[in-house]
Amino acid sequence: MNPTPDGFSTRHRGGKKSAARKVRRSSAVNRPSTVKRGKVVSVADGNAAIISKSFQLRSMQRAWNRFHAGSLSHWTTTIIIALSLTIFGAFTLLLSNANTALDNWTGDNLVTVFLEERTSIEQIESIQTEISKKSGVDQISVVSPAQAMARMKNMLGSEAGLLDSLDDNPLPFSIEFRLTDKKYKKTANLVYEIGTWQGVEAVSYDQIWAEKLAAVIHTFRFVGIALTVLLLTAVALIISNTIKLTIIARRDEVEVMRFMGATDSFIKTPFVYEGVLQGLFGAIGALLLTSLLYWGGQGAAAELGAAFGIFFELHYLQVGQLLIIMALGIFLGLIGALISLSRFLEI
Amino acid sequence: MSSESLPLLIAKGLKKAFSVGKNSSLEVLKGIDLSIDKGEMVALLGDSGSGKSTLIQILGTLDRPSSGVVTLNGINLFALNPKEQAVVRNQKIGFIYQFHRLLPEFSARENVMMPLLIGRCSPKLAKERAGEILEKVGLAGRLDHRPGQLSGGEQQRVAIARSIVTEPVLLLADEPTGNLDSRTAGSVFELLQKLNQDLGLSCLMVTHNNELAQNLDRQLHMIDGCLAEEERGK
């Protein structure tokens, strides 16, 4: 087997007679179709399948050779694809982690009802009973001023001594409960209702922050999708342009191939594979860059989480998301090549 | 009439027009009737822009006529689909141009192997065959030279070897000696005549060289898209 520099292939049929006779004989079985008695006839299906397989391999090899020895524009395009898909990957990474953070945060769904200073024990029990009757209320408990003070000291840590100078405990009684139903509107309605009850000073719940984060994520998702669509469209056109330049640079070769009897698909397929290779390498580059961002962003994420009082560990993209980035790269390469071939390679 | 007694190539009523602007068109071929017998060498003379190259492109199925029919060995070439036309070009027709049009990154032998490899011949056999043909055109010592390492005459000989390696029945030559000095042109021309005698190859050769044309079987004159005159040579 002796592949040529252009990657033409390689099936060998033996025989010891003169080369010319062997060529005539082998061409009868190796060609995809041949002209006999005024009409073109096809070879047997099995043979065609072998030819088809070797043809694809040859085309891939030719595309790889072109890419390998390719011009600066090939690598520039590959880098552009990599950077564009990295922006997509980074958005995916960010949104995916923000969603995870949101899930963890809303998992607490803690509501705290602060009671007025002069509320009696009977009133407190009555309010607790009323709250217990509401659907989805779980783990209800009364927090005494002393318990609240202990928590605050615990939170302040080494600064807790500051509270020792207080004469009286200014903290009120409070009632804490969790909601099993995490829907924002239901929680908001319940919080509003409890806030109107007699003896209730104020109601706070941490889901309000979660809802704000959800709104931010929603905006980011929209911006991310819009940016990604714009970027990927630009990338497809850039790939198309690169393939166009390749076609122009190889126009003479295309014409030579034509008069030597190469079929349209024989001429076009390597250009398609070239586009796909650019997309594939761009996607691999994007995954490497996204990994770098993930690696570099872990520390920053932990600090951000600490600022919000939560433990937050950045997680990497899931297998499905990685596959989407790879598929996008390949798809862009394919689309770019097809656009270019349909517009600039009229055979 | 049996196909043996038919001319190898028949063109009837060939017309080719290119659109120029929205409502006008330029008629390059205005109804060409032409036939070439097996083993016949025909010169095609005419001024630049008279349509010679367009005719060669159409006869070789590299372009389509606006109307008209071309048959090769009785096969209507423009009734074939593009894939079948590619097979015909690969197996039945050889092309030679004024400029050798060899692929620069390949050696002389690899360039000659190319049509065989496109036709699914195994590389080993293609290599042997290419070596034989290059020897036949006097380039046995230049097998592994790249086009850039060959002289103009040698490059054109490689191009001739490439055009005949699949043993076509028709050679379409568009000014094959147009880019060569008179001595080299003479030797390339002699090679084509020798191949014609040895292989029984038919040839339609565009040329501006009246002296060379006189040595062929017939001379056709293309004037403004028409084959205006036909003379018997030799």
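Note on naming: letters A, B, ... go to the chains in the order of the sequence lines (proteins, then strands), and numbering restarts at 1 for each one.
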- Message: Please check if the number of heavy atoms outside Glu135(B) that lie under 6.0 Å from its CD is greater than 12.
- Response: no

So CE of Met260(A) and CG of Leu116(B): to nearest 0.5 Å the spacing works out to 10.5 Å

By salt bridge (charged side-chain N to carboxylate O under 4.0 Å, His left out), Glu175(B) pairs with (sequence neighbours left out) none

Residues Pro82(B) and Asp264(A): closest non-hydrogen pair is CB-OD2, 4.2 Å

Apply side-chain contact (heavy atoms from CB on, under 4.5 Å) to the pair Arg162(B) and Phe259(A), showing each step before the final yes or no.
CA-CA 11 Å; Arg162(B) 180 181 63 185; Phe259(A) 75 63; 3.4 Å; yes

Here the pair of heavy atoms bringing Thr263(A) nearest to Ala86(B) is CG2-CB, 3.8 Å

Nearest heavy-atom contact between Arg258(A) and Arg89(B) is O-NE, 2.8 Å

Cut-off 3.5 Å, no hydrogens considered: what does the side-chain donor-acceptor table look like for residues 231-241 of chain A, sequence neighbours left out?
unit_1	atom_1	unit_2	atom_2	d
Thr233(A)	OG1	Val229(A)	O	2.6

Notebook entry, point to check: Within a radius of less than 6.0 Å around CZ of Phe18(B), do more than 12 heavy atoms belonging to other residues, nucleotides or ligands occur?
Noted result: yes

Looking only at Leu102(B), Thr61(B), Asn81(B), Leu62(B), the option with the highest number of non-hydrogen pairs under 4.5 Å against chain A is Leu62(B)

- Query: Considering residues, nucleotides and ligands other than Phe91(A), do more than 12 of their heavy atoms fall under 6.0 Å from its CZ?
  - Reply: yes

